[in-house]
Undergrad: 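Handing you this structure, nothing more for now.
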Amino acid sequence: MARNITPRQENYSQWYLDVIKAAELADYAPVRGCMVIRPTGYSIWESIQSKFDAAFKKTGHVNAYFPLLIPDSFFRKEAEHVEGFAPELAMVTHAGGEKLEEPYAVRPTSETVIGSMYSKWIQSWRDLPVLINQWCNVMRWEKRPRLFLRTSEFLWQEGHTAHETAQEAREETLRMLEVYRSIIENEIAIPVLAGEKTAGERFPGAVDTYTCEAMMSDTKALQAGTSHFLGQNFAKAFDIQYQNREGELDYCWTTSWGVSTRLIGALIMTHSDDDGLIVPPRIAPVKAAIIPISKDESVAENDILPKAKELSAKLDDELGGMFTKVDTDFHARPADRFFTHLQKGVPLRLELGEKDLAAGTVRIVRRDTGAKIDAANDKVVETVKNLLDEIQSNLFTKAKTFRDNNTHDASSYDELKEIIESKGGFVRAYFGGTPEDETRIREETGATPRVIVPGDHKGKCIITGNEGARLTVFAKAY
RNA sequence: CGGGGCGUAGCGCAGUCUGGUUAGCGCACCUGCUUUGGGAGCAGGGGGUCGGAAGUUCGAAUCUUCUCGCCCCGACCA
């Protein structure tokens with residue numbers, strides 16, 4: 001049992017912070033609300049990034065980079081956008097030792113700068129669609145920061161597309177939502193509900209917002225990715241016009257979508273346990289730690305290490321890329337070395353000692369279950385491959401079962417209130433109310449509508465009593 | 001931003017109320033020996049000026065004022 005991590009049951013937030021610290025994922029920076037992403041954490045981000053980036057390329061998107069500083073006036077061009085972001089903008093008022101004529105905002109998101117550029121680049125329907133993504137940092141001055149979940153500065157990806165028709169833009173919005181769902185579920189092993197947000201939860205300036213909503217292991221909800229249909233709001237604000245097929249001027253239809261380093265927070269709070277981090281195999285930068293052990297340090301180094309390196313090379317070679325890491329911390333005792341990799345969430349631990357060499361086997365230990373398997377040398381590659389697949393699916397299934405077990409139905413507002421208070425988790429109820437109703441529900445229960453359940457579920461609204469309300473998931477959220 | 005808690009060695013803490021010789025303890029770290037398959041034992045070491053600033057005092061970790069930061073709850077949050 002880990003002795004440097006507070007048990008989850010005792011104090012969930014402390015557990016979360018302890019896991020991050022023990023796995024050396026991040027540390028607090030000198031500036032309030034900012035964090036340093038340490039190598040172990042950053043390598044997980046790189047791994048996540050590469051999955052998404054490949055998928056974006058596959059769906060026809062290209063990467064570009066837009067500047068960090070945005071003229072303050074840009075934000076005022078879209079009424080809802082400015083209202084939504086004004087409170088969290090960081091402003092640069094001085095530069096070069098002088099006060100600036102017009103302050104620059106440190107980007108909280110780039111719809112505005114990108115919109116201004118699109119208006120220059122797009123002339124004709126032949127220029128469309130424009131499908132651009134950028135990987136960058138953004139800053140939102142948060143009142144209550146939490147590592148990975150809500151920091152003032154964070155890393156993310158923002159896709160910005162412009163289309164000829166509303167239909168096409170809507171399809172794009174949903175296409176990217178599906179890309180998100182599939183990667184978050186299949187690679188990061190986090191089950192999500194991919195669906196529409198209610199009016200009160202919309203991105204400022206969007207016509208429709210969609211989310212991939214996940215449940216953390218304390219039953220609170222976390223928005224893991226969003227995709228927005230922006231209609232012609234930004235096109236009108238930034239004058240993104242093109243000449244259509246009939247020769248007339250028309251406004252584009254735009255979308256934007258993003259996932260951030262918050263996914264690392266989601267990964268932690270979905271899979272990890274009281275021993276520390278657990279990283280799903282497909283995301284894990286190191287999938288197996290190979291640990292040569294012997295009572296005699298020189299034997300470990302001179303006799304066993306070469307075998308370990310051989311095994312490492314074989315696994316890397318047959319299973320692809322930077323697959324394994326050989327632990328050469330011979331001065332530490334085995335148990336200490338085991339814990340290091342355990343806490344960093346490495347999916348498999350391969351122990352190689354004199355006993356194993358004599359028996360022609362390798363001892364394999366699973367991070368998710370702790371199960372130990374002695375695999376014969378000629379079966380190691382196959383066993384490792386199978387175990388990684390098993391761990392991947394086990395993590396997903398476990399998380400999904402947990403979510404399903406903590407999802408309840410409410411047929412009245414009172415019942416919703418009662419369930420949120422007594423059990424927590426996701427509560428499904430028919431809802432067709434206004435943003436004002438949402439505010440009231442939040443004030444009275446602490447829960448908010450997280451996502452409209454995908455599919456055509458209609459019923460009687462628990463607030464207004466009107467028929468035709470959509471089945472909506474309510475929960476307390478991060 | 002409001003309420004509460006807290007900043008003393010890398011981490012966790014004691015000491016603060018009732019100012020006073022070289023500021024302690026556990027873990028971690030370093031050296032040696034014995035150990036070694038889920039966080040070892042003994043012995044010997046290194047490391048802090050007490051979050052920061054100003055003040056009171058012969059004397060401040062301890063008292064006063066200001067300030068910075070962290071955690072929890074609340075408000076807010078695409």
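The chains referred to below are lettered A, B, ... by the order of the sequence lines, with proteins before strands, and numbering in each begins at 1.
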Undergrad: Determine if A/Phe339 stacks with B/G39; use a centre-to-centre distance below 5.5 Å and an interplanar angle below 30° as the criteria.
TA: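 Answer is yes, a stack.
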
Undergrad: Under 4.0 Å, counting only non-hydrogen atoms across every strand here, what does A/Pro204 touch: a base, just sugar-phosphate, or nothing?
TA: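 The answer is sugar-phosphate, as A/Pro204 gets under 4.0 Å only of primed atoms, P, OP1 or OP2.
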
Undergrad: Measuring only the P atom in each nucleotide, how far is B/G26 from B/U36? A whole number of Å is fine.
TA: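 It works out to 26 Å between them.
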
Undergrad: Would you indicate which nucleotide in B/G37, B/A40, B/C77 comes nearest to any side-chain atom of A/Arg333?
TA: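 Nearest listed nucleotide: B/A40.
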
Undergrad: Taking for each residue the nucleotide of RNA chain B with the nearest heavy atom, is it A/Phe203 or A/Asp374 whose nucleotide lies nearer the 5' end?
TA: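 Its nearest nucleotide being more 5', the pick is A/Asp374.
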
Undergrad: In Watson-Crick or G-U wobble terms, both distances under 3.5 Å, what is the partner of B/C6?
TA: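 Partner of B/C6: B/G69.
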
Undergrad: Tell me the interatomic distance from A/Glu83, atom CD, to B/C77, atom C1', rounded to whole angstroms.
TA: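 Interatomic distance, CD of A/Glu83 to C1' of B/C77: 14 Å.
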
Undergrad: Take atom P in B/A9 and the same atom in B/U62, then report the distance between them in whole Å.
TA: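 Approximately 15 Å lies between the P atom of B/A9 and that of B/U62.
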
Undergrad: Distance criterion of 3.5 Å, no angle test: do you see the side chain of A/Gln343 paired donor-to-acceptor with the base of B/G39?
TA: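 Present.
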
Undergrad: Does B/C13 pair with anything, Watson-Crick or G-U wobble, both distances under 3.5 Å, and if so, with which nucleotide?
TA: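 Checking every strand shown, B/C13 finds its partner in B/G24, with both distances under 3.5 Å.
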
Undergrad: Find out whether A/Thr211 and A/Val192 are in side-chain contact, i.e. whether some heavy atom of one side chain is under 4.5 Å from a heavy atom of the other.
TA: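 Counting from C-beta outward, A/Thr211 and A/Val192 never come under 4.5 Å.
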
Undergrad: Would you measure the distance from the P atom in B/A61 across to the matching atom in B/C1 and give it in whole Å?
TA: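 Rounded to whole Å, the distance is 31 Å.
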
Undergrad: For A/His81 and A/Phe234, I'd like to know if the aromatic rings sit close, meaning centre-to-centre distance below 6.0 Å.
TA: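 Yes; A/Phe234 has its ring centre under 6.0 Å from that of A/His81.
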
Undergrad: Which is true for A/Ile291 with a 4.0 Å heavy-atom rule: it touches a base, it touches only sugar-phosphate, or it touches nothing?
TA: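 If one applies the 4.0 Å heavy-atom cut-off, A/Ile291 turns out to touch nothing in the nucleic acid.
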
Undergrad: How long is the line joining CD1 of A/Ile290 and C1' of B/G37, in whole Å?
TA: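 Computing the A/Ile290:CD1 to B/G37:C1' distance gives 16 Å.
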
Undergrad: Let's see if you can work this out: which of B/G38, B/U36, B/C77 has an atom nearest to the side-chain heavy atoms of A/Arg150?
TA: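 Of the options given, the side chain of A/Arg150 lies nearest B/C77.
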
Undergrad: Less than 4.0 angstrom between a side-chain N/O of A/Arg442 and OP1 or OP2 of B/C76, yes or no?
TA: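 So the side-chain polar atoms of A/Arg442 do come within 4.0 Å of the phosphate oxygens OP1 or OP2 of B/C76, strictly under.
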
Undergrad: Rounded to whole angstrom units, what separation is found between the CZ atom of A/Arg146 and the P atom of B/C70?
TA: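 Distance, rounded to whole Å: 14 Å.
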
Undergrad: Which listed nucleotide (B/G38, B/U36, B/G37) is nearest to the side chain of A/Leu342?
TA: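 Nearest listed nucleotide: B/G38.
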
Undergrad: I'd like the P distance from B/A60 over to B/A23, given in whole Å.
TA: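 It works out to 13 Å between them.
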
Undergrad: Using purine N1 to pyrimidine N3 plus N6-O4 or O6-N4 for Watson-Crick, or N1-O2 and O6-N3 for G-U wobble, each under 3.5 Å, what pairs with B/G74?
TA: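 Answer to the pairing question: B/C1, which forms a Watson-Crick or G-U pair with B/G74.
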
Undergrad: My understanding is that a pair needs two contacts under 3.5 Å, Watson-Crick or G-U wobble. By that rule, which nucleotide pairs with B/C50?
TA: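 Matched B/C50 with nothing under the 3.5 Å cut-off.
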
Undergrad: Rounding to an integer number of Å, can you tell me how far A/Phe85 CZ sits from B/C76 C1'?
TA: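 For the pair A/Phe85 CZ and B/C76 C1', the rounded distance is 14 Å.
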
Undergrad: Counting the atoms with a prime plus P, OP1 and OP2 as sugar-phosphate, which does A/Asn11 contact under 4.0 Å by heavy atoms, base, sugar-phosphate, or nothing?
TA: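 Nothing: the residue A/Asn11, judged by heavy atoms under 4.0 Å, touches no strand.
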
Undergrad: Within the 4.0 Å heavy-atom criterion, would you say A/Gln14 contacts the bases, only the backbone, or no part of the nucleic acid?
TA: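 Counting heavy atoms under 4.0 Å across all strands, no contact is made by A/Gln14.
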
Undergrad: Using atom OH of A/Tyr12 as one end and atom C1' of B/C73 as the other, report the distance to the nearest whole Å.
TA: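 Between C1' of B/C73 and OH of A/Tyr12: 18 Å.
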
Undergrad: Can you work out whether A/Thr226 or A/Phe338 has the more 5'-proximal nearest nucleotide on RNA chain B?
TA: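 Looking at the nearest nucleotide for each, A/Phe338 comes out on the 5' side.
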
Undergrad: Whole-Å distance between B/U36 P and A/Asp327 CG?
TA: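 To the nearest whole Å, that distance equals 19 Å.
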
Undergrad: Compare the minimum distances between each of B/A40, B/G38, B/C72 and the side chain of A/Ser13, then state the nucleotide with the smallest one.
TA: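 Closest nucleotide to the A/Ser13 side chain: B/C72.
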
Undergrad: In whole angstrom, give the distance that lies between atom CG of A/Asp336 and atom C1' of B/C27.
TA: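 A/Asp336 atom CG is separated from B/C27 atom C1' by 13 Å.
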
Undergrad: Rounded to the nearest 0.5 Å, how far does CG of A/Leu149 lie from CD1 of A/Ile268?
TA: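 Taking CD1 in A/Ile268 and CG in A/Leu149, the distance rounds to 7.5 Å.
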
Undergrad: Less than 4.5 Å apart, side chain to side chain, heavy atoms only: is that true for A/Pro108 and A/Met139?
TA: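 Not touching, per the 4.5 Å side-chain cut-off.
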
Undergrad: NA contact type, A/Tyr16, heavy-atom cut-off 4.0 Å: base, sugar-phosphate, or nothing?
TA: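 No contact.
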
Undergrad: Could you check whether A/Gly446 gets within reach of a base, just the sugar-phosphate, or nothing at all, counting any heavy atom under 4.0 Å?
TA: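 Counting heavy atoms under 4.0 Å across all strands, no contact is made by A/Gly446.
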
Undergrad: Considering only atom C1', compute the distance from B/U49 to B/U16 and round it to an integer number of Å.
TA: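 It comes out at 16 Å once rounded to the nearest Å.
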
Undergrad: Can you tell me, in whole Å, how much space there is between the P of B/C70 and that of B/U57?
TA: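 35 Å, rounded to whole Å.
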
Undergrad: So, do A/Phe56 and A/Trp257 have ring centers that fall under 6.0 Å from each other?
TA: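 Centroid distance A/Phe56-A/Trp257: below 6.0 Å, so yes.
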
Undergrad: Which part of the nucleic acid, if any, lies within contact of A/Gly353, taking any heavy atom under 4.0 Å across all strands shown: a base, the sugar-phosphate backbone alone, or nothing?
TA: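 A/Gly353: base contact, heavy atoms under 4.0 Å.
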
Undergrad: Measure from the side chain of A/Lys143, starting at C-beta and using heavy atoms only, and say which of B/G37, B/U36, B/A75 lies closest.
TA: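 Nearest nucleotide to the side chain: B/A75.
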
Undergrad: Searching all strands shown, indicate the nucleotide that pairs with B/G19 (Watson-Crick or G-U wobble; both distances under 3.5 Å).
TA: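 B/G19 is unpaired by these criteria.
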
Undergrad: Let's see if you can work this out: which of B/A75, B/G38, B/G37 has an atom nearest to the side-chain heavy atoms of A/Lys372?
TA: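 Out of B/A75, B/G38, B/G37, the nucleotide with an atom closest to A/Lys372's side chain is B/G38.
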
Undergrad: Write down the distance separating the C1' atoms in B/G46 and B/C30, rounded off to the nearest Å.
TA: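 These two C1' atoms come out 7 Å apart once rounded.
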
Undergrad: Check every strand shown and say whether A/Glu80 touches a base, only sugar-phosphate, or nothing at a heavy-atom separation below 4.0 Å.
TA: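 Contact class for A/Glu80: none.
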
Undergrad: Between B/U8 and B/C71, how far apart are the P atoms? Round to whole Å, please.
TA: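 After rounding to an integer number of Å, I get 15 Å for this pair.
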
Undergrad: Give me the one residue out of A/Glu158, A/Gln157, A/His61 that meets side-chain hydrogen bond (donor to acceptor under 3.5 Å, both in side chains) with A/Asn133.
TA: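 Between A/Asn133 and the candidates, side-chain hydrogen bond (donor to acceptor under 3.5 Å, both in side chains) is satisfied uniquely by A/Gln157.
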
Undergrad: Test ring pair (Phe, Tyr, Trp, His ring centres under 6.0 Å) on A/Tyr180 and A/Tyr210; report intermediate values, then the result.
TA: CA-CA 11 Å; A/Tyr180 285 167; A/Tyr210 297 82; over 10 Å; no

Undergrad: To the nearest Å, give me how far apart CG (A/Leu89) and P (B/C77) are.
TA: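 Atom CG in A/Leu89 sits about 15 Å away from atom P in B/C77.
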
Undergrad: Watson-Crick or G-U wobble partner for B/G55, using a 3.5 Å limit on both distances?
TA: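 Partner of B/G55: B/C63.
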
Undergrad: At under 4.0 Å, does any side-chain N or O of A/Arg144 touch on OP1 or OP2 of B/C1?
TA: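 The answer is no; no side-chain N or O of A/Arg144 sits under 4.0 Å from OP1 or OP2.
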
Undergrad: Starting the side chain at C-beta, find the nucleotide from B/G37, B/C72, B/G38 nearest to A/Arg349.
TA: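 Ranking B/G37, B/C72, B/G38 by closest atom to the A/Arg349 side chain puts B/G38 first.
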
Undergrad: Verify the neighbour count for atom CD of A/Glu421: are there more than 12 heavy atoms of other residues, nucleotides or ligands below 6.0 Å?
TA: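 No, the 6.0 Å shell around CD holds no more than 12 heavy atoms from other groups.
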
Undergrad: Does B/A43 pair with anything, Watson-Crick or G-U wobble, both distances under 3.5 Å, and if so, with which nucleotide?
TA: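 B/U31 is the nucleotide pairing with B/A43.
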
Undergrad: Give none if B/U36 has no partner; otherwise give the nucleotide forming a Watson-Crick or G-U wobble pair with it, both distances under 3.5 Å.
TA: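 Pair assignment: B/U36 / none.
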
Undergrad: Answer yes if the ring centres of A/Tyr16 and A/Phe148 are under 6.0 angstrom apart, and no otherwise.
TA: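 Judged by ring-centre distance (under 6.0 Å), A/Tyr16 and A/Phe148 do not meet the cut-off.
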
